[in-house]
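Below is one structure, written out as C-alpha cells; the observations come after it.
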Amino acid sequence: MEPRELIFSDFLDLMNEKCPDVPAVTCEGTTLTFAQLRIGVMRCALSLSRAGIGKGDKVGLWSFNSIAWLISFLGITETGATAALMNYGLKGEDTSALLRSVDANWLVVGQNAMTIFDPESAAGVAADAGISAERTLRDMDLARAALDPGAPLPTAEDIDEYKKLRVSAGPHDTRVLIFTTGTTSFPKAPELSSYSILNDARSAAGVIFPENDTMGTVGLLALPMFHSYGLTVVFAMLSKGIHVILPPVLKADIIAGLIETYDVKVMASVGAIYGMLTQAPGFDKKVAGRLRYCIVGGGFETPVKMMRLENAFRGAKIINGYGQTECSPIISVASGSDRLEKRAVTVGRPLPGLEVKIWSRERGFVPEGTIGEVVVKGFCQMNGYYGLPKEKQVIDSDGWLHTGDLGRFDEEGMLQLTGRIKDIIIRCGENISPSDVEKVLLEEEQIRDVKVLGAPHVVWGESVEACVVTKDNAGLDEDALKARLRTKLSSFKIPSHFFVFKQFPLKENGKLDQRTLKADMLNRLRGRNIQDVLDMGMNIFSITLKNQSYTIYPTCALVCGLAEKLGFDKTQIHRINHGVEEMLTERIEKAFSGSADIRLDVELLPQWLRLRFADSGRLYRLEDAENSLSAKIILANVDAYSVMTNARGETEYCLDYQYGDDFDVKEYLMKNQK
C-alpha cells in the first residue's frame, strides 16, 4: 500500500464523496450517515475554533464511547489542536495528573466512570489540572449543536473559515496523544498524526477485508476509542464503508443484543470479551453463526483455544493481530485465508508498506526463525513521546522503532511473539520466556487462562510463578500438574507456585491488567511464604543472656513489648511477663553450679507465640518442682509448656501463649512486611 498525505477531514471528504447516504456510525439508537458525520464535524470544528481552540492547544477528551465522543474528537483535530485521549475509567486525580503531564489547556468531558455518578466532578478535575471552567466543555453540548437537524447548512463564509482551519493542520503534525498503559511506571504519551493513524487503518483494512463488497456491512466496535487499537479500527472499518456500531458499555449481554438487532458481521475486541460473549444469555440465537470476522488483539492463544472460539461462533474467522500505541497501533495482522493453526500461534504478517525486522543488540538484524526484538519502520510510527528527552525515545538514529517485544518470523513470513524483553524471567542465570510456559499450561484441560510472571527470589534471582483461571473455578492439584509439566518443560521453567483466580483483572479496554495481577500474585506469594515459615516456626530473634539477675528485667521488657505489638491484651502481657521473669529466675538459680549462658529464641507459629529457653544445665521438669514457687508461677501463667532436648544436646523449655481471637499473625506479618 502506498501511504497518502491525509488529514482527518480529507478522509471524511473521500468517504462523503464515495457513499454519502451509507450509515457510518450508530450508538444508542442514533445513526449518522457519512454525509451527516461530515457536516457535524465541520460544525463542531468551527464552534471549537470560535471558542478559542486552535493550533498548539492540547484538549483532553474524557468520556465513554459515543457519537458525541467521535464528533468532538474529529472537531478538535480539525481546529489544528491536539486531542489528548483520556481513559474513561480513571479516577479524578489520575486524570488530572495525565492532563498536566501533556500541558492540556482545554477539557471536553462527557459521561465517564466518575461523572456518571457526580456530573459536577469534572470541574474539580479540570481545576486540579490547571484548566479553567471557561475552558471545560461538554461533548454532548458540542454534538447537539453540530447535529441539530434544524440548524442551517454551512454558509460560504463558514466553508471559507473551515478551509483556513484545514490548511493549518498538516498530515504529519501531532494530532493525537494516547497514553500507554505501562505496568510499572507513569504512562508515556506517544504523539500520533493523522498520517500515521489513517494509513495504518487503510493498510490493515486492506488485509482484513480484502473483498470489495463491504459497503453497508455492519461492524461492532467492542473497544474503547481512547485506546489506539479502538480508534484505528474505527477508521479501518469506515474506510471500507462499514457501518460501525458503538456499544454504550462493554457488557456481554448488551453486545450480544446489538449483534442480533443489527445483524453484525464484523466485530473488533480483545480475547477476554469474546470469551465472555460466548457465556452471554442467548448466545446461540443472538450471536453464533452471524459474525464473519472477529478481529482480536495479539494474544498468545493455542490452536485448540482458537478452534474452540471459532466453533462457538460457527464459522467466523478470528483474525489475530499485533500492535502498540507507538505504531498507531497496528504492526501486523493475519488474513482470514490463513490456516487456523497459523492464526492461532502467530500475529500475522507485517502490514503492506511497513518494514518489520528482528534485531539483536549483539548481532544486528537476524535471520528467519531467530528470536530477537521486533523493530518497525514506516508510516505508522509516532512522532515521539511527548515531553521525554532524546535518550528516552525508542526510535533509533536509523529510523527504527524498537518495540521492546521479542519475536521471530517463520518460514511463511508470519510473526510469532515470544514475550517482552522486560518480562523475561531470569532464574539462576537462565532466560525464561513466560509465553513458552503459558502455551504448555494452556494444553491442560482444566486451565482456561494463564499468565506466568517472575517474582524476586533471594537465591535464584527470580522465581517462575503461574496465575491460572480454571474451568468452572475448579481446584488445582499442583503436585500432579508439576509431574506432567516435567515431561514437557525443562525443570527450571516449571512454576514454583500456582495461584488460582476466578478471573483475571481487566482494564477498561478488556485487556489484562498485568500490574494489578502481579501485585495480587506477589501478595499471595508473600502470604504463602509466610505460612510455610510459620508452619515450621518463624524464629524472629535469638538472644544470649548472661547468667546474672540483671538480665531478667530488660528481657521481660523486650518480650512484653513484642507481645503488645502482636495483639496480646494487658492480662495476657501480664501473664507473659510473669512467665519469662520466673523462668529466668528458675534457670539462673537452679540450673547452674557455675557461670553459664541462657539462650532465648522467640518464635511465631500459626496459633501461638513460643518463647524457647535453652541452656546447658541439667534437665529440670517444672512439674516435678513441688517446692519451687517459680515453677508454680510459670505453670499458672502459660497456655502450654513443654521441655525437650535439641539436636545440640541442650535442654529447651518452651512457653506457649495463644494469640487473641481476633489476631491473625499471618495477616499481621503481611501488613507490616516491607
Side-chain angles (χ1 to χ4, degrees), residues 1-27 30-49 67 70-80 143 146-149 151-173 175-176 193-219 221 225 231-246 265-266 328 352-353 379:
M1 184 208 77
E2 188 67 30
R4 299 181 62 178
E5 300 286 327
L6 294 172
I7 59 175
F8 291 115
S9 57
D10 294 333
F11 173 81
L12 294 175
D13 284 347
L14 290 171
M15 297 310 301
N16 186 43
E17 292 169 8
K18 188 176 181 179
C19 49
D21 298 322
V22 170
V25 60
T26 292
C27 184
T30 299
T31 298
L32 298 183
T33 64
F34 279 97
Q36 290 170 327
L37 178 62
R38 187 74 197 89
I39 292 293
V41 171
M42 180 187 300
R43 288 172 173 163
C44 183
L46 289 172
S47 175
L48 291 171
S49 176
I67 286 176
L70 186 60
I71 291 287
S72 299
F73 166 77
L74 290 167
I76 291 166
T77 58
E78 292 294 83
T79 66
L147 301 175
D148 183 359
L153 292 174
T155 64
E157 290 79 9
D158 291 335
I159 294 172
D160 286 342
E161 183 181 351
Y162 183 61
K163 286 180 179 179
K164 292 178 182 178
L165 289 180
R166 293 178 59 170
V167 170
S168 69
H172 295 273
D173 295 342
R175 284 291 164 266
V176 186
S193 64
S194 58
Y195 176 87
S196 69
I197 293 171
L198 292 174
N199 283 300
D200 199 63
R202 292 174 56 245
S203 185
V207 178
I208 300 169
F209 314 115
E211 308 92 340
N212 294 317
D213 60 347
T214 55
M215 191 71 66
T217 297
V218 182
L221 185 83
M225 287 190 291
L231 183 65
T232 297
V233 170
V234 165
F235 287 110
M237 288 185 178
L238 292 176
S239 73
K240 300 291 285 188
I242 293 173
H243 176 194
V244 179
I245 308 297
L246 297 175
K265 298 301 180 187
V266 177
S328 302
F379 53 75

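Atoms considered below: every heavy atom in the structure, side chains included; atoms not considered: hydrogens, waters and symmetry mates.
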Sequence-distant partners of [X], side-chain hydrogen bond (donor to acceptor under 3.5 Å, both in side chains), two or more places apart:
| X | result |
| --- | --- |
| D148 | none |
| E17 | none |
| T214 | none |

Query - Close side-chain approach of M215 and I242, heavy atoms under 4.5 Å - result: no
Query raised in the report: Are I7 and H172 side-chain neighbours, meaning at least one heavy-atom pair lies under 4.5 Å?
Result: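 In short, these two side chains do not touch, never coming nearer than 4.5 Å.
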Report summary line: Residues pairing under salt bridge (charged side-chain N to carboxylate O under 4.0 Å, His left out) where one sits in residues 200-209, two or more places apart or in two chains, turn out to be none
Query raised in the report: For E5, which residues count as a salt bridge (charged side-chain N to carboxylate O under 4.0 Å, His left out) partner, sequence neighbours excluded?
Result: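 Counting only residues at least two positions away or on another chain, E5 forms no salt bridge (charged side-chain N to carboxylate O under 4.0 Å, His left out).
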Query raised in the report: Quick one: salt bridge (charged side-chain N to carboxylate O under 4.0 Å, His left out) partners of R38, sequence neighbours excluded?
Result: D13
Results of side-chain contact (heavy atoms from CB on, under 4.5 Å) for [X] - residues two or more places apart only:
| X | value |
| --- | --- |
| P3 | M1, Y195, N199, F379 |
| T30 | I67 |
| V218 | H243, I245, Y262, V264 |
| S196 | L192, S193, S328 |

How long is the gap from [atom1] on [X] to [atom2] on [Y], to the nearest 0.5 Å?
| X | Y | atom1 | atom2 | answer |
| --- | --- | --- | --- | --- |
| L32 | I71 | CG | CD1 | 6.0 Å |
| T77 | I197 | OG1 | CD1 | 8.5 Å |
| L246 | L70 | CG | CG | 7.0 Å |
| D21 | F34 | CG | CZ | 11.0 Å |
| N16 | L37 | CG | CG | 9.0 Å |
| L231 | M225 | CG | CE | 8.0 Å |

Do you know the tightest heavy-atom contact between [X] and [Y]?
| X | Y | result |
| --- | --- | --- |
| I76 | T79 | O-OG1, 2.6 Å |
| S194 | G170 | OG-O, 4.4 Å |
| R166 | S9 | NE-OG, 2.9 Å |
| T31 | Q36 | O-OE1, 3.7 Å |

Please list every donor-acceptor pair under 3.5 Å in which a side-chain atom of residues 39-49 meets a protein atom from a residue at least two apart or in another chain.
residue, atom, partner, partner atom, Å
R43, NH1, A146, O, 3.0
R43, NH2, A151, O, 3.3
R43, NH2, P152, O, 3.0

Review item, side-chain donor-acceptor pairs of residues 233-240, under 3.5 Å, at least two apart:
residue, atom, partner, partner atom, Å
S239, OG, F235, O, 3.4
S239, OG, A236, O, 2.7
K240, NZ, F209, O, 3.0
K240, NZ, E211, O, 3.3

